[in-house]
Amino acid sequence: MTTQTIQTSKRQLWLAAIKPPMYSVAIMPIWVGSAIAFFQTQTMNWGIFSTFMTAAILILAWENLYNDVFDSETGIDKNKHHSLVNLTQNKSLIFWIANLFLAVGILEIIAISWWQQDFTVLGLILLACFLGYMYQGPPFRLGYHGLGEILCFVAFGPVGVAAAYYSQTQSWSMLNLSAIAASIIVGIATTLILFCSHFHQVEDDIAAGKRSPIVRLGIETGTKLLPWFSGSIFVFTGIFVALGMFPLSTLLSLAGLPFAIKLSHQVQTYYQEPHKLINCKFIAVGLHFISGSLLGLGFLF
């Protein structure tokens, strides 16, 4: 293997470890929640929006790094060459970098709360952080019990969208059906990414005692559920438009449908060869990004 090939391989591993596309997961709840606030109030505080957006990215970076740290303790990542802990061989370094990201992100949320003299947003984000910690962090490690998807749905759906909406309006009501409905769609699209990340690592999950949904259901059953899971994003969007909870322009998000079709086709084709499904979560990321971005644009329009 040439030096150039080795350098390319290392670069690819670092990109896989950092996972730039995955940060749409942090962006989308803020984008959609803020877009709905604009739809209802016709105002947008761009300073708060941009501060919240960078804070969300930093907090997600913390969660991703923490997951690498805690997974290294259970041995589930022993074959994961793009784990940051495996790449650096320095778990302590990754742990403290993660803490730095969290601290800066929370400071930005505190700044928003201070500007508004209202600490509701801080409380919601701290709740989301706690849910994120419970996913892999001891003593909870709820992701190992197959509960990660539920935590993901709540943190990035209802909690994330509500926090973003509140940061713009400083108000909330359970009668705010548009925001509640949108949080369900964002939550499903985000949870789909996590669900798809299990297909290629069933053997490692079983060996480490992780009862992910794919381990519990079996890969064949998970494959059969996937089209219904991904398709529900578009079904719900259509229902919410029909009920008048979303403006007609939010049907732009149906442009994400080809990603859902591609995702289901790839998993159905290769589910008996799980090593070929390592990239299916990135197809789910594309679905999440396109449908979420256009859903938000639909509210802005």
Side-chain angles (χ1 to χ4, degrees), residues 20-42 44 46 49-50 52-53 56-57 60 128 149 152-169 176-197 225-267 279-301:
M22 297 293 290
Y23 286 90
S24 68
V25 169
I27 291 169
M28 217 49 64
I30 316 306
W31 165 243
V32 173
S34 300
I36 296 171
F38 178 82
F39 171 67
Q40 294 180 350
T41 67
Q42 296 302 300
M44 176 79 81
W46 292 104
F49 175 79
S50 58
F52 207 153
M53 194 71 79
I57 291 170
L60 183 62
E149 277 71 10
C152 180
F153 175 83
V154 175
F156 291 98
V159 175
V161 172
Y165 179 89
Y166 193 94
S167 72
Q168 293 291 330
T169 64
N176 189 339
L177 298 180
S178 294
I180 293 171
S183 75
I184 292 172
I185 291 174
V186 174
I188 291 173
T190 308
T191 305
L192 181 65
I193 298 171
L194 181 58
F195 184 77
C196 288
S197 72
L225 285 175
L226 185 61
W228 299 94
F229 192 4
S230 56
S232 68
I233 297 169
F234 307 104
V235 172
F236 277 125
T237 301
I239 290 172
F240 296 147
V241 169
L243 292 175
M245 297 159 65
F246 287 2
L248 186 63
S249 51
T250 56
L251 290 177
L252 284 169
S253 64
L254 295 180
L257 190 57
F259 286 87
I261 295 170
K262 180 180 180 181
L263 177 62
S264 296
H265 179 263
Q266 180 160 335
V267 174
N279 288 325
C280 71
K281 65 182 177 182
F282 292 108
I283 302 174
V285 169
L287 166 58
H288 174 271
F289 179 76
I290 294 297
S291 61
S293 297
L294 295 178
L295 179 67
L297 278 177
F299 280 104
L300 288 183
F301 291 160

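If you take CD on Glu149 and CG on Leu194, they are separated by 4.0 Å, rounding to the nearest 0.5 Å. Rounded to the nearest 0.5 Å, atoms CD1 (Ile185) and CD1 (Ile180) are 13.0 Å apart. Here CZ of Phe153 is found 9.5 Å from OG1 of Thr190. Values are rounded to the nearest 0.5 Å. The CG atom of Leu252 sits 12.0 Å away from the OG atom of Ser291 when rounded to the nearest 0.5 Å. Of the inter-residue distances, the one linking Leu287 atom CG with Phe234 atom CZ reads 4.5 Å to the nearest 0.5 angstrom. Taking CH2 from Trp228 and OG from Ser264, the interatomic distance works out to 11.0 Å, rounded to the nearest 0.5 Å.
By the 4.5 Å heavy-atom criterion applied to side chains, Leu263 and Cys196 are counted as neighbours. By the 4.5 Å heavy-atom criterion applied to side chains, Val186 and Trp31 are not counted as neighbours. The closest side-chain heavy-atom distance from Ile283 to Gln266 is below 4.5 Å. Looking only at side-chain heavy atoms (C-beta outward), Leu294 and Phe301 stay at 4.5 Å or farther from each other.
When all heavy atoms of Met44 and Ala35 are compared, the pair lying nearest together is CE-N, 4.4 Å. In plain terms, the two heavy atoms of Gly292 and Met28 that are nearest each other are C-SD, 3.4 Å. Across every non-hydrogen atom of Leu254 and Pro258, the tightest pair is O-CD, 4.2 Å. Listed here is the closest heavy atom pair of Pro29 and Gly160: CB-C, 3.9 Å. The minimum heavy-atom distance between Gly33 and Ala164, with the atom names listed, is CA-CB, 4.0 Å. Nearest approach of Ile188 to Ser232, heavy atoms of both residues: CG2-OG, 3.7 Å.
Counted within 6.0 Å of CZ on Phe289, heavy atoms from surrounding residues, nucleotides or ligands total 12 or fewer; the atom is thus considered open. Within a 6.0 Å radius of CZ in Phe236, no more than 12 heavy atoms belonging to other residues, nucleotides or ligands are found.
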Less than 3.5 Å apart, which donor and acceptor atoms pair up between the side chains of residues 237-250 and the rest of the protein, not counting sequence neighbours?
from   : atom 1 : to     : atom 2 : distance (Å)
Thr237 : OG1    : Ile233 : O      : 2.8
Ser249 : OG     : Gly298 : O      : 2.6
Thr250 : OG1    : Pro247 : O      : 2.6

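Phe49 is linked by a ring pair (Phe, Tyr, Trp, His ring centres under 6.0 Å) to Trp46, counting only residues two or more places apart in sequence or in another chain.
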